[in-house]
There are 2 protein chains.
Amino acid sequence: MKFLVKKEDIFNGIRLVANVAAMKSLQPVLANILIETVNDNALRLTATDFDLTISTTVEAQIENEGKITLPAKKLNDIVSRLADKLITFELNNETNSVNIKCENAKFDIIGISASEFPNVLDINLVDENSIDIDIKPFTKAIKQASFAAANFETNNLLSGVVCDINENTLEMASTDGNRLARVRENISNLEKKSSQLIIPSKTTNEFLKMSALVNDQSVKIYTDKTKLILKTEKSMMISRIMEGQYPKYNQLIPKENPKVAVINKNKLVSALELVSIMVNEKTSIVKFEFTEDKLTLRGDTPDSGASEETLNVDYKNEDMIIAFNYKYVIEGLKNMDNDEVKIEMNTNLSPTVFRPNSDEDYISLIMPVQMR
Amino acid sequence: MKFLVKKEDIFNGIRLVANVAAMKSLQPVLANILIETVNDNALRLTATDFDLTISTTVEAQIENEGKITLPAKKLNDIVSRLADKLITFELNNETNSVNIKCENAKFDIIGISASEFPNVLDINLVDENSIDIDIKPFTKAIKQASFAAANFETNNLLSGVVCDINENTLEMASTDGNRLARVRENISNLEKKSSQLIIPSKTTNEFLKMSALVNDQSVKIYTDKTKLILKTEKSMMISRIMEGQYPKYNQLIPKENPKVAVINKNKLVSALELVSIMVNEKTSIVKFEFTEDKLTLRGDTPDSGASEETLNVDYKNEDMIIAFNYKYVIEGLKNMDNDEVKIEMNTNLSPTVFRPNSDEDYISLIMPVQMR
């Protein structure tokens, strides 16, 4: 194998796949990136941890075809520091060592034979079952809907993000039992196909990183029973799908909460960050005291002291005291684009909805904490 | 105690002293900052870990005099997040709790009585024994001369920085046995006093942070047998001095090394960073191969591969191979202002001098590593 490639091109490719290469794996080859020539003008980079595989095509001048796997971290370190010029890669088939040359710099990097790399790209893409979707709303929905997923062991369904694609809406949601995020987007570009899947949150996180590195307008979604494939022009993610029945979360969302406050989002975030200096680190509870057009936030700790801040808000209902884990509130607010947030409450024990004070269909639902 | 203070003023004061407050100490009061009113218009903030004490004066409107200690970290968190307005501090003497108010925010923070704070400011400043010195060259010398100090336990003399003040030169140096940094600065503003001291490197590090936060032109240095006092108009550091005989490091510096190479400093640093991707992490050895007007740097590892980069240099002596811990070389170079570095060598086992190719009197001396 011998090829010449622009530094920028291969560096982008490596960045796209390198996250998936598992640093600590029983199989050393999983810490490596598979590099293979595809045709005279392209090579493919692939990394996998079995649950998730990312592969991307990179433009290159291929002089001799071939394939090898190289350690992802070392390869990334080397390429990132090379000059912005043409880089030559040349494999010594006897030693599995690749010679990398760029200007006056030269590396010999020892790889592992490509035959040891798992055969993860052997999938069958059936175009009739695919859905084309605009990458922008899809990425936005993933970002807004995935932060509430549980941090449990990877086989718990609540650690996944549920994704419902219908005729012209995309609904995504996650919940860890204490809070829930749900977003609905209108999508065009859609053939009349529908699909529901539970995506591991590792996959949604990696997709967010990938979407920041590609220029594509749309992404093609393929599914079969056990796998989700997300494909752009040059790149592809193959992910395990989680199997099972995701909780019927839409039933948890109150149809109407009678008490409504409207607040400047950034001021609320700042006030929560200030007041939270004096909260119990284990419980993270901040009390929200609503009176007419005022919201007072209060924190207190057993040993260090107490805090409070008062904000002007739009609130006309009866006085109310309700307590939340402030971290959940902040996370929900930070995923909101709008400047104003609407808080919809019922009693101080019922699920409370935080949503943008706009048409956007995004909600962050949080269970209040019982006060003693 | 009650006072009003500008956020900016007290925040700068807290930043100046807070580093010294020990987070994990057997005495909880050492994690606190002592706040005391000095007169109608000023308060003093002090923190100490016994080895090092920093104190600073902050302008304020004092309404009632008094003193208290407050936890450094909480106080810093609170003040940093308050609006850029007047802040009111009011002590409740019965509870040792301080009420902090700023705009719509309010805190009650529980302190520890000032009577428990050690009496670290009780020192006798004798002006006749003091030396006035420009803060700029002093700070520069500290920065350039202190990085080579050993990371040993704090009582080892080599963990200190030796400081020699003579009629019109300041010499500072540190060495850990494998390398040495020495700088000489001409200083004006100097009465004809001289002094040699060994300063703990924690003190030099904190002085660098302090000098970045003060606006003073000069610093007054007071010493007695066991203490060093560095005083600017509003701030003061009191440090332990290390006692003992510092090694006669100037004898280690070769008078003349016959083989001389001149190299662009930034190119050498970049090349070392590139080549070091492929070095044994335990030994960090990079080989320097000098031939006529060329320097080839080489790294290699037992398992991952090898690296090399060739640089154009000015070198006319006989060919030479010499090896260094590349981290020492980079640290020495990064503390150099000049664009070009002069490397002065003798044999590949003799101490090698890296110095700016200019008049500046700074050297980084490094012992080569024996090659197998």
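Since we're looking at a predicted model, the values are computed, not measured. The figures here come from the full heavy-atom set of this structure, side chains too, leaving out hydrogens, waters and symmetry mates. Within every chain, numbering begins at 1; the chains are lettered A, B, ... in the order of the sequence lines, protein sequences first and strands thereafter.
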Which bit of [X] is near chain B, if near means a heavy-atom gap under 4.5 Å: side chain, backbone, both or neither?
X: A/Glu273; result: both
X: A/Ile100; result: neither
X: A/Asn99; result: neither

Carboxylate-amine/guanidinium contact A/Asp77 A/Lys73, below 4.0 Å:
yes
Does B/Phe354 have its ring centroid less than 6.0 Å away from the ring centroid of B/Phe324? yes
- Item | Within 6.0 Å of NZ in B/Lys74, more than 12 heavy atoms from elsewhere | yes
Bottom line for B/Ser97: the part with an atom under 4.5 Å from chain A's heavy atoms is neither
Exactly one of B/Arg298, B/Lys294, B/Lys287 clears salt bridge (charged side-chain N to carboxylate O under 4.0 Å, His left out) with B/Glu308, and that residue is B/Arg298
Assert top hit (heavy-atom pairs under 4.5 Å, partner chain A, pool B/Asp300, B/Asp108, B/Leu297) equals B/Asp108
From the list B/Thr301, B/Ile109, B/Leu70, the residue making the most non-hydrogen contacts under 4.5 Å with chain A is B/Ile109
dist B/Leu4:CG -> B/Cys102:SG (nearest 0.5 Å) comes out at 10.0 Å
